[in-house]
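Values below: all heavy atoms of this structure, side chains included; hydrogens, waters and symmetry mates excluded. Convention: sequence-line order gives letters A, B, ...; per-chain numbering from 1.
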Amino acid sequence: MWNYIVRRLLYNIPVYLGIILLLMALLRVGAADPAYTFLGKNAEPGDLERIRQQLGLDKPFLVQYFHFLWDVLTLNFEQESWGRPGRTVGEMLSTAYIPTLMITVPGLMITATISICVALISAFNRGRFADRILMVAAVVGMSVSFLVYIIVGQYYGAFQLKEWVGTEVFAIEGFDMEKNGFISGWLTYCALPVIISVIVAMGYDTRFYRAVMVEESTKDYMVTAKAKGAGRRKVMFVHMLKNAMIPIITRIMTTLPFLIVGSVLLEYYFNIPGMGNRLLGAIADKDFPVIQTFTAIFAVVFILSNILTDVLYALVDPRVRLQ
Amino acid sequence: MSAQRNAPILQVQNLTTSFRTDDGILTAIEDVSIDVHPGETLGIVGESGCGKSVTSKSIMRLLPTATSILSPESKIMFDELNLAHCSEKDMRSVRGARIAMIFQEPMTSLNPVFTVGWQLDEALSYHTDLSKSGRRQRSVEMLRLVEMPNPEERLDEYPHQLSGGMRQRVMIAMALCCEPEILIADEPTTALDVTIQAQILKLMEDLKTRLNTAIILITHDLGVVAQVCDHVCVMYAGRVIEKGTVREIFHTPQHPYTRALLESIPKSGRREHGKRLPTIEGVVPALNNLPPGCRFAARCSIAEDQCIHNEPDLKDHAFSGRPVRCHIPINQTTAAAGSKGQA
Ligand SMILES: Nc1ncnc2c1ncn2[C@@H]1O[C@H](COP(=O)(O)OP(=O)(O)O)[C@@H](O)[C@H]1O
Ligand SMILES: [Mg+2]
């Protein structure tokens with residue numbers, strides 16, 4: 001297996017070089033160069049020159065390419081941000097991913113756990129009352145807009161709840177982990193966004209997982225298991241579930257890289273200084289160094305999670321061999 | 001014909017199974033009655049769609065509970081237990097332990113994500129008190145019994161690492177590991193190529209004598225029946241249309257459908273080059289479009305008016321005393337004439 005991982009990593013080096021090449025080229029084509037885009041139409045020629053020099057934009061493309069690759073390779077993220085002068089790209093990104101992960105990671109774990117359980121209940125009672133109610137709930141849940149959940153959540157979950165209880169349970173917005181310690185900070189600032197993200201994702205996931213399980217339930221091996229004398233639970237929770245885990249894991253894994261991007265909407269409305277917010281800001285500010293560096297990091301995460309997916313795949317599905 | 005006719009261990013009487021479908025409730029098999037005697041092989045024959053699998057799955061109660069209905073008159077007597085209407089708990093103590101089953105598709109019948117050993121172990125764990133190591137030992141024995149090469153190593157392999165024939169051997173080992181009284185084999189060789197088919201049939205024959213298991217062998221292939229069965233039950237469109245011993249069915253078929261089936265068996269040597277095998281014209285009628293009279297009338301070469309309007313009952317033939325569902329059953333002389341005319 002390690003052999004396979006190392007080989008996959010090596011194969012992905014040229015892929016990665018290509019991604020960076022494409023990324024840098026895309027950021028540099030168009031009507032104007034990044035410095036011009038950033039400073040706007042009325043920029044002083046002197047300022048333009050200064051910015052260009054600072055980022056090496058005046059140098060030949062290939063020089064810039066290798067320079068940037070070297071920075072990524074040596075984890076040197078010391079370039080100054082354009083959006084927030086005085087702060088480095090490294091600072092901008094490293095302070096933002098913590099709040100994001102504090103919401104997305106629990107969100108993903110809770111969503112996956114609950115939707116797999118609900119899907120199991122639904123599939124187990126397929127066609128019966130419980131199944132119908134759950135699936136109607138899932139469709140209704142899917143049909144409501146993300147924004148509605150945020151606004152209703154902020155109003156009832158934060159504002160009204162505070163009125164009823166008499167003290168603040170969930171904050172309407174903001175993010176301050178230092179104030180009361182980590183756990184209480186997380187509960188105050190992250191719990192509500194996590195709950196909302198779980199509700200939003202659950203409809204889709206539950207329906208998908210149930211479909212996978214129902215599909216597996218019609219397979220021949222299910223009849224064999226029953227013919228052996230297995231009970232309904234054993235048939236569902238052992239025979240079916242292990243097979244259903246293969247597509248389920250794939251689906252969860254494909255969302256993994258996006259954990260570091262976070263939800264722009266949630267972070268924006270809850271005013272959380274996470275990656276989503278930061279990237280939105282960077283795009284608005286035309287903060288070229290931040291965008292370029294973030295995309296380069298994201299590509300690494302993406303490649304790594306693809307490799308991880310394949311490894312996990314081979315662990316649950318004996319038919320898949322790592323070669 | 002080794003079996004003596006002692007009391008049947010399984011008596012299916014008036015088994016009628018329907019399905020809830022989009023076209024309403026459709027009856028897939030009607031009034032099916034069969035007896036299975038200890039140590040004998042009963043063949044159930046008929047074209048595909050005749051209700052053979054529904055019959056076997058009804059006996060094992062493996063049909064989807066939400067959409068299938070066994071009529072209240074249906075009786076599946078196994079000892080004192082009526083399998084048609086007993087509790088799921090009683091049924092579970094029968095499945096795999098006293099009646100076991102193997103299926104048509106060895107490629108998909110085993111669970112792809114568990115090892116062969118795990119799957120054998122599971123069957124044993126439900127119905128025996130053996131310890132973990134005892135079960136492993138028994139699994140190896142069973143694999144050896146079904147002539148699996150390197151049985152110890154096979155235990156740790158997954159189904160996809162085995163060929164179709166090997167998988168069917170695993171299925172047989174799994175079905176027989178708790179020494180059931182009856183083995184139901186639903187087209188066990190249909191998906192396998194001819195040489196493997198012969199091996200599997202031979203294996204089933206050997207095991208039957210060795211373990212004294214009765215077998216219900218379901219097939220659409222009369223060649224297979226001739227090889228291994230003692231008694232035969234011919235089904236058509238959800239109905240039993242003729243029953244008898246292998247000898248009787250092959251030598252003196254009474255129903256025109258049975259005769260037509262016999263005529264479509266490829267006979268090596270007798271077959272003239274370039275001459276196509278006679279096949280039965282037409283298809284089995286659909287469940288939602290069954291004719292009012294005899295279900296075979298539309299394809300029958302000797303059908304009369306009454307055949308089209310009234311469905312015949314399954315009654316004993318005047319000459320042979322064997323049950324046949326036909327208004328104008330073939331008697332021995334015409335049967336002989338019919339087969340002469342064909343040859
Ligand atoms: N679960 C089901 N729901 C509805 N109809 C079914 C179901 N299973 C079988 N049937 C119908 O019952 C009839 C007999 O099928 P089957 O027993 O599988 O035939 P075969 O003799 O080839 O094994 C067919 O017409 C089939 O369409
Ligand atoms: Mg069938």
Non-hydrogen atoms of chain A under 4.5 Å away: do they reach the side chain of [X], the backbone, both or neither?
| X | value |
| --- | --- |
| Met107(B) | neither |
| Met91(B) | neither |
| Leu124(B) | neither |
| Ala66(B) | neither |

Tell me, yes or no, whether the heavy-atom count around [X] atom [atom1], taken from other residues, nucleotides or ligands under 6.0 Å, exceeds 12.
| X | atom1 | answer |
| --- | --- | --- |
| Arg167(B) | CZ | yes |
| Asp193(B) | CG | yes |
| Arg132(A) | CZ | no |
| Arg8(A) | CZ | yes |
| Ile183(A) | CD1 | no |
| Tyr97(A) | OH | no |

Please rank Arg92(B), Gln161(B), Met171(B) by heavy-atom pairs under 4.5 Å with chain A and give me the top one. Arg92(B)
Do [X] and [Y] touch side chain to side chain, with heavy atoms closer than 4.5 Å?
| X | Y | result |
| --- | --- | --- |
| Phe103(B) | Asp220(A) | no |
| Ile246(A) | Val113(B) | yes |
| Tyr221(A) | Leu110(B) | no |
| Lys219(A) | Thr108(B) | no |

Least distance between heavy atoms, Ala230(A) atom then Glu122(B) atom: CB-OE2, 3.9 Å
Nearest heavy-atom contact between Pro112(B) and Pro318(A) is O-CG, 3.2 Å
Can you check whether anything in residues 234-245 of chain A gets within less than 4.5 Å of chain B, heavy-atom wise, and list it by number? Lys234(A), Val238(A), His239(A), Lys242(A), Asn243(A)
From the list Arg232(A), Lys226(A), Arg126(A), the residue making the most non-hydrogen contacts under 4.5 Å with chain B is Lys226(A)
For Lys228(A), the option from Met101(B), His127(B), Arg95(B), Gln119(B) that meets side-chain contact (heavy atoms from CB on, under 4.5 Å): Gln119(B)
